[in-house]
Structures are given as structure tokens and as C-alpha cells.
Amino acid sequence: MAKLNNLVSEVSATQSILGNVESYTSLCDEPMYELLEKTSEDDYDTDVDLEGKPSETITEEQVYRKACEDVGVSPISYYIRHHHDVHLNLNYRCMSPKAVKALSIALVTNTSVTTLELEHDGINAEGVQYLMEMLVENCFIQTLNLSNNELRTWGVEVLCKMLPLNISLKCIKLSGNKLKSNDAAYFADTLSSNFRISELDLSYNAFGDKGAELLGQMLATNESLEKLNLRWNQIQTEGAVALSAGLRMNDTLKVLDVSYNGFGNEGVLAMGETLKFNNTLLELRLDTNHINNEGVTMLCKGMDINDNVKILCLSNNPITVDGALRLLEIFRKNDKSNLETIRLKNVLVNDTFMELLKTVTHDHPQFQIETKGIGGSIIGSRPGRTDPMKVIQDYLDKRKLRLSDFFRNMDKVGNMSVPVPDFRKALQQFNIPLDLVQVEELLSKLDQDNTGTIDYRNLVNTRNRMIRDQREQLHKEETRQRKEKQKTQRVLKTLKSAMKAINPGSSIVILPSQVKFPDIHPLKSFSSQCSAGTSLSSWHHMGMPISSRYSVPILSSVQMHRPFSHSSNDPSVSGARLNSSIRVHSVSQPDLLPKSHVCSLSCSSVTSNLDVDPVTKSRPVTSFRTVQASSFGHK
């Protein structure tokens with residue numbers, strides 16, 4: 001009789017589990033955002049069934065397999081084997097939207113994975129939405145790599161709307177996602193008030209100058225970003241100036257990579273001015289930016305004062321040994337400098353450079369500089385030889401002699417012609433400082449027909465041609481210096497205007513009056529449409545009270561609670577559940593705001609107008625945890 005009772009109990013427990021599985025199967029046939037509303041808090045309020053016996057525990061592997069079965073995809077064996085790993089690498093998997101959906105369901109309650117790699121997986125807009133819905137619930141993933149996928153504008157918009165609702169992400173990698181200038185507006189708007197993201201990789205996209213201007217505005221107000229990668233983004237002078245202006249106001253960024261852009265000497269001039277004031281940047285990468293020796297000199301004006309930068313990368317720029325010597329001289333003169341590494345991997349140096357390097361490393365043993373090596377035909381610029389005719393003219397001017405007097409002393413016959421040997425001998429007798437090379441060069445000019453004699457008229461013509469060439473060269477140099485001065489003034493004026501526009505200490509607001517976004521209807525439960533900044537050339541200013549600068553809350557304290565209600569069909573009760581699921585408290589400048597201006601974000605404020613979608617007549621998704629708990633009896 002006892003065995004029969006035990007058998008009956010086991011059959012009852014099995015039927016209970018099968019009932020839950022059947023319920024989950026029926027739910028998964030519907031859209032994901034409708035799953036939550038089909039469940040009730042009573043389904044997972046306790047892990048003990050009505051008969052007082054503990055219910056069966058469903059493993060994460062079972063959850064993932066069941067999700068794959070319901071959406072109609074094959075499970076990823078690597079995830080089954082490694083779902084307990086801290087670093088989950090799912091790169092190069094070519095995942096369809098359904099595969100991403102099944103993975104997202106499994107990751108909702110995964111507490112092991114902190115780094116999620118999804119690079120080169122072909123994830124499109126639909127797949128991104130499933131991932132973002134999962135990240136609203138998951139509070140363990142800290143690093144997300146979505147590089148080289150197909151996010152584009154739609155995916156970036158969904159991602160940026162998720163960030164205020166996530167409490168764990170710190171590092172986001174979006175390299176190679178074909179992002180354009182207007183897409184930077186989403187990051188500028190979100191990260192200006194989201195102070196949890198510390199590392200952002202936006203390399204190998206196409207933000208250009210307009211995107212760089214928007215990101216420069218973000219840098220001026222962001223208080224958490226420590227690493228920013230903008231390598232290969234078609235950023236040129238205007239974008240470089242905007243980034244420099246934002247960096248000047250920033251006090252948290254430690255690593256900035258802007259390699260493989262087009263800063264040029266003008267852009268690096270603005271960066272040099274910024275380095276005079278920035279005291280937090282530790283590593284600056286300017287490889288392949290069309291910077292020559294002149295640009296190095298402009299950068300050194302900031303490095304001469306900066307005492308914080310430790311790593312400076314300038315490889316693959318048209319810099320010679322002269323520019324490398326300039327960097328060493330600045331480092332040797334700046335006693336407070338903390339430079340540890342300079343990278344000039346394409347520069348061939350000479351013995352002079354090596355001698356100076358020995359002196360520098362003697363005083364700073366930790367310092368190292370990476371160059372291409374010593375020797376070769378390219379060892380720096382050689383000083384040009386002085387025109388021999390100019391040497392003779394300077395000799396005569398110093399002794400207040402005329403050219404005719406000089407020639408008459410050599411012309412013993414008086415026929416205004418001197419043999420070449422006599423002319424050479426006279427140069428030695430008068431102690432004119434000409435070496436053998438200069439003498440031969442002068443004779444080739446004076447005796448072009450190889451007659452063996454030096455005619456006075458040829459000597460006068462050579463002197464006049466020298467004077468004319470010298471005046472032309474002086475005029476070119478003055479013109480070049482004037483243009484460089486005008487260019488420098490223009491860059492500094494633009495930098496000053498950009499700083500004034502984004503200075504958080506002034507009563508200036510940047511209005512998003514020109515950047516327009518497509519009418520996209522992504523994740524319903526996220527925040528409202530992102531605002532965007534305008535280009536540097538068309539920023540609009542408007543007076544605003546200083547206290548309003550602190551109206552954007554810092555999401556520094558987020559608490560998530562499991563909602564409780566007795567009926568999921570009552571809209572009012574559903575609103576109460578959403579309101580209690582997330583609470584955000586602002587701690588930024590509490591004394592500067594009146595109580596009426598304190599902005600506290602909650603799910604009710606985010607989704608108050610989205611409880612029922614006007615198109616689908618259904619509610620947006622808010623939780624995956626409810627689906628799994630109710631389906632499998634897992635709390």
C-alpha cells in the first residue's frame with residue numbers, strides 16, 4: 001500500500017510539471033512582449049506546491065533547450081557547455097533572430113556570464129531588440145561586444161533606450177556597425193546623463209566631423225567614461241576641434257584613441273591646447289593622422305605643460321627625426337612630465353637622437369621610445385648649403401667693398417675676364433669661407449659654356465639672380481608664416497567657440513534643431529525618443545537658469561523588485577506592478593534643486609503612455625523572469 005501511495009505521488013508531481021511545460025509551450029507561440037501579461041504573481045510566489053512538497057527545479061540548460069524548441073532553432077552546443085562561464089564567447093555564429101531570441105530567454109536568469117561576446121554574428125535589428133529586452137532584466141552582464149554586426153541606426157536607437165534601464169553594463173563595443181554621423185546623437189543624449197558606462201568602442205564606423213561634434217558635447221558633460229575608441233571614423237579638423245573642446249571640459253577620460261583619422265596639423269593644434277588644461281588623460285593615440293614635424297611642434301606646446309599623459313602614439317605619420325628630437329627635448333625640459341612611452345614606429349633616427357636619448361633615459365629610467373631603427377638614407381633633414389654667391393656678397397658687405405672692386409683685384413689685364421685658375425686662387429687668398437663643393441658649384445654657374453674664363457658680366461648676373469631668388473624665398477616664407485598664423489588663429493577661435501557652447505558652467509543650452517531621426521517604433525517599454533545635438537557650425541544658444549543644468553538625474557542608485565499583484569488583467573494593477581519594478585534615485589547636486597525640479601525615473605514614467613500599444617493592442621515586454629518562473633515554478 002505504501003509503494004502504491006508513493007507511485008501516485010510521483011505521477012501527480014509529473015503531471016504538475018507537464019502542465020507547466022504545456023503552459024510554457026502555449027505561451028511561446030505568441031509574441032514575446034505578450035508573455036508577461038499571460039502570467040500571474042501567484043504562479044511563482046512560492047516554490048512549494050499545494051501538497052506541501054517541493055517542486056522540481058528547472059536548469060538553465062533545460063530553459064535554453066525548451067526555448068530553442070519553441071522558436072524552432074537548433075541549440076548552440078557551445079552555450080550548453082559553457083553557460084556557467086564568466087566569459088561567454090559566441091563570436092562568428094551567424095545567429096538568426098530566432099536564435100538570438102532563444103539565447104536571450106536563457107540569459108535572463110543567467111547569473112554567471114559577465115562578458116558576452118557576439119561579434120561577427122550577423123545580428124540585425126530584430127535580434128538586437130531581443131538582446132536589449134534581456135538586458136533590461138539581466139543585472140550581471142558588464143561587458144557587451146556587438147562589433148561587426150548590422151546594428152545601424154535602428155539598433156543603436158534601441159540600445160541607447162535600454163541603457164537607462166540597465167544597472168550592470170560598463171563596457172560596450174560597437175566597432176564596425178556602419179554607424180553614421182546622426183547616430184552619434186543617440187550616444188550624446190544617453191551618455192550625457194548615464195554615468196555607468198566606463199568604456200565605449202565606436203571604432204571603424206563613419207561618424208565624421210558632425211558625429212565627432214556630438215560626441216564632443218557628450219565628453220563635456222559625461223562623468224564616467226574612461227576609455228573612448230574612435231579609430232577610423234573619418235574625423236578631420238572640425239571634428240578634432242570639437243573633441244578637443246569636450247576633452248578640455250572632461251575630468252574622467254583616461255584613454256582616447258583617434259588613430260586613422262584626418263586630424264592634420266590643425267586638429268593636433270587644438271589637441272595640444274587641450275593638453276594644457278586636461279589633467280586626467282593618460283593615453284593618447286594619434287597614429288596615422290597626417291601629422292608632420294610642424295604638427296609635433298604644436299602638440300609639444302601642450303606636452304610642455306601637461307604632467308599626466310603617460311603614453312603618446314604618433315606612428316605612421318610623416319614625422320622625421322627632427323620631430324622625434326623635438327619630443328625628446330620637451331620631455332627633457334619638463335621635469336614634471338610622467339611620459340613613459342612614445343611610439344614612432346616608422347621614424348628612422350640618427351646618432352644625434354641616440355645621444356640625446358641616453359641623456360633622457362639616464363634621468364628617467366622608465367622612459368622608452370619606439371622607433372624604426374638607426375641608419376639608412378633617411379636619417380632626418382639635412383641643413384641646406386648656403387649659396388656660394390651669397391657667401392661672397394656677405395664677405396664684401398662686411399668689408400664694405402663693391403663687387404667691381406673685388407673683380408678688379410683679380411683682373412690684372414683689365415679685359416673684365418679672369419681665368420678659372422686665377423679666380424680659384426683669389427678665393428683662397430681673400431680667405432672667403434667656401435668649401436670645395438661650394439667653389440665647384442660657383443664655377444659651374446659662372447662658366448656654364450666651359451670657356452675656362454670667368455666674365456664679370458656673368459658674375460654680376462649670378463649675383464643679381466641670387467638676390468632675386470633670396471627675395472622670392474623670403475616672400476614665400478613670410479606668406480607661409482602668415483597663413484599658418486591665420487590658420488592657428490582660426491582653429492583657436494573655433495576651439496574657443498566650441499568650449500563656450502558646451503561649457504557646463506555657463507547658462508547655455510544646445511538645442512537639437514536640425515538633426516532629424518526616422519520614425520522608428522522600436523522597443524515599446526524604453527524611454528522616449530532621444531534628443532540630438534547639431535553641428536558645431538550651427539549650434540543655437542538660449543538663455544536658461546543655472547539650476548536647470550542639474551535637471552537630468554544621475555542613475556547612480558537603481559533598485560529592482562519583483563512585482564506582486566493578484567490579477568494581471570487589471571490595467572491599473574499592471575501599472576502598479578510596473579511602477580514598483582524599478583526605482584531610480586538621483587544624487588546629483590541635491591541641494592541645488594527645488595523639490596519640484598527633482599527628476600526621479602521610474603517604470604511608470606517611462607511606460608505610462610505605452611501600457612497598450614495602439615497598433616498591436618498589446619502590452620510591451622517588461623520581464624522575462626516572470627515567464628520562466630511561472631512556466632517552470634522557478635523563483
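Looking at Asn289, its side chain never comes within 3.5 Å of a backbone N or O of Ile291 through a donor-acceptor pair. The backbone N or O of Ala185 sits nowhere less than 3.5 Å from a side-chain atom of Asn182 that would complete a donor-acceptor pair. Distance alone, capped at 3.5 Å, is enough to place a donor-acceptor pair between the Ser315 side chain and the Arg343 backbone. In this structure, Arg285 contributes its side chain and Arg231 its backbone to no donor-acceptor pair below 3.5 Å. In terms of modelled atom types and a separation under 3.5 Å, the side chain of Ser175 and the main chain of Ser147 share no donor-acceptor contact. With hydrogens and angles disregarded, a donor-acceptor distance shorter than 3.5 Å links the side chain of Asn278 to the backbone of Leu247. Without hydrogens or angle criteria, Asn149 side chain to Gly122 main chain gives a donor-acceptor distance under 3.5 Å. Although no hydrogens or angles enter the test, the distance criterion places no donor-acceptor pair under 3.5 Å between the side chain of Asp287 and the main chain of Tyr260. Not one N or O on the side chain of Asp70 forms a donor-acceptor pair closer than 3.5 Å with the backbone of Ala67. Judged by distance alone, with hydrogens and angles left aside, the side-chain atoms of Asp257 form no donor-acceptor pair with the main-chain N or O of Asn229 at under 3.5 Å.
The only option from His82, Arg81, His87 that meets the side chain to side chain donor-acceptor pair (under 3.5 Å) definition with Asp85 turns out to be His82. Applying side-chain contact (heavy atoms from CB on, under 4.5 Å) to Leu230 and the options Asn205, Leu200, Ile235, Asp201 leaves one that passes, Ile235.
In this structure, Arg93 is positioned above the aromatic face of Tyr78, its NZ or CZ under 6.0 Å from the six-membered ring centre and within 45° of the axis.
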Glu117 and Asn145: CA distance, side-chain angles, deciding distance, side-chain hydrogen bond (donor to acceptor under 3.5 Å, both in side chains) verdict
CA-CA 5 Å; Glu117 298 273 357; Asn145 185 1; 2.6 Å; yes
List the steps, then state whether side chain to side chain contact (heavy atoms under 4.5 Å, CB included) holds for Leu253 with Lys227.
CA-CA 6 Å; Leu253 194 68; Lys227 294 182 180 180; 5.6 Å; no
Would Glu150 and Lys178 count as a side chain to side chain contact (heavy atoms under 4.5 Å, CB included) here? Give the steps.
CA-CA 7 Å; Glu150 297 291 334; Lys178 301 180 181 179; 3.9 Å; yes
With side chain to side chain contact (heavy atoms under 4.5 Å, CB included) as the criterion, how do Leu159 and Leu146 come out once you've worked through the C-alpha distance, each side chain's angles and the decisive distance to 0.1 Å?
CA-CA 11 Å; Leu159 185 146; Leu146 288 172; 4.2 Å; yes
Show, in sequence, the C-alpha distance, side-chain angles and deciding distance for Ser259 and Thr288, and conclude whether the side-chain hydrogen bond (donor to acceptor under 3.5 Å, both in side chains) test is met.
CA-CA 6 Å; Ser259 304; Thr288 317; over 6 Å; no
Output, in order, the C-alpha distance, side-chain angles, deciding distance and verdict of side chain to side chain contact (heavy atoms under 4.5 Å, CB included) for Thr280 and Thr252.
CA-CA 6 Å; Thr280 57; Thr252 60; over 6 Å; no
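Between Val128 and Met132, the closest side-chain pair of non-hydrogen atoms falls below 4.5 Å. At least one side-chain heavy atom of Val71 sits under 4.5 Å from a side-chain heavy atom of Lys101. You'll find the side chain of Val113 stays beyond 4.5 Å of the side chain of Thr115, heavy atoms only. For the pair Leu284/Ile311, no side-chain contact is recorded, criterion being any heavy-atom separation below 4.5 Å from C-beta on. Taking the side chain as every heavy atom from C-beta outward, Val255 and Leu228 never approach each other to under 4.5 Å. Ile58 has its side chain within reach of Val63: a pair of non-hydrogen atoms, C-beta onward, lies under 4.5 Å apart. Two residues are said to be in side-chain contact when any heavy atoms from C-beta on lie closer than 4.5 Å; Val309 and Leu282 fail this criterion. Inter-residue side-chain proximity for Leu103 and Ile105 is flagged as unmet; no heavy-atom pair is nearer than 4.5 Å.
One finds the CZ atom of Arg152 at 9.0 Å from the CG atom of Asn177 (value rounded to the nearest 0.5 Å). For the atom pair CG of Leu131 and CG of Leu107, the computed distance is 8.0 Å after rounding to the nearest 0.5 Å. To the nearest 0.5 Å, atom OG of residue Ser104 and atom CD of residue Glu137 are 12.0 Å apart. Atom NZ in Lys210 sits 14.5 Å away from atom CG in Leu215 (nearest 0.5 Å). Interatomic distance, Arg248 CZ to Asn250 CG, rounded to the nearest 0.5 Å: 13.5 Å. How far CD of Glu199 is from CG of Leu169: 12.0 Å, rounded to the nearest 0.5 Å.
Relative orientation of the Phe187 and Phe207 rings is perpendicular, given thresholds of 30° and 60° on the angle between their planes.
The shortest non-hydrogen separation linking Ser244 to Gly267 is OG-O, 4.3 Å. Closest heavy-atom contact between Phe140 and Ser168: N-OG, 3.7 Å. In plain terms, the two heavy atoms of Leu314 and Leu344 that are nearest each other are CB-CD2, 3.5 Å. Between Met218 and Ala188 the shortest heavy-atom distance is CB-CA, 3.8 Å. The two atoms that bring Asp121 and Tyr92 nearest to each other are OD1-N, 3.1 Å, heavy atoms only. Nearest heavy atoms, Ser96 versus Val73: OG-CG1, 4.3 Å.
With hydrogens and angles left out, the side-chain atoms of Thr153 and Asp183 include a donor and acceptor closer than 3.5 Å. Using modelled atom types, one finds a donor on one side chain and an acceptor on the other under 3.5 Å when comparing Asn110 with Glu60.
Taking Ser224 as the reference, Phe195, Asn222 meet the side-chain contact (heavy atoms from CB on, under 4.5 Å) condition, with sequence neighbours excluded. With sequence neighbours excluded, the residues that form a ring-ring contact (aromatic ring centres under 6.0 Å, His included) with Tyr79 are Tyr64, His83.
Using a 4.0 Å cut-off between charged nitrogen and carboxylate oxygen, Glu61 and Arg65 count as a salt-bridge pair.
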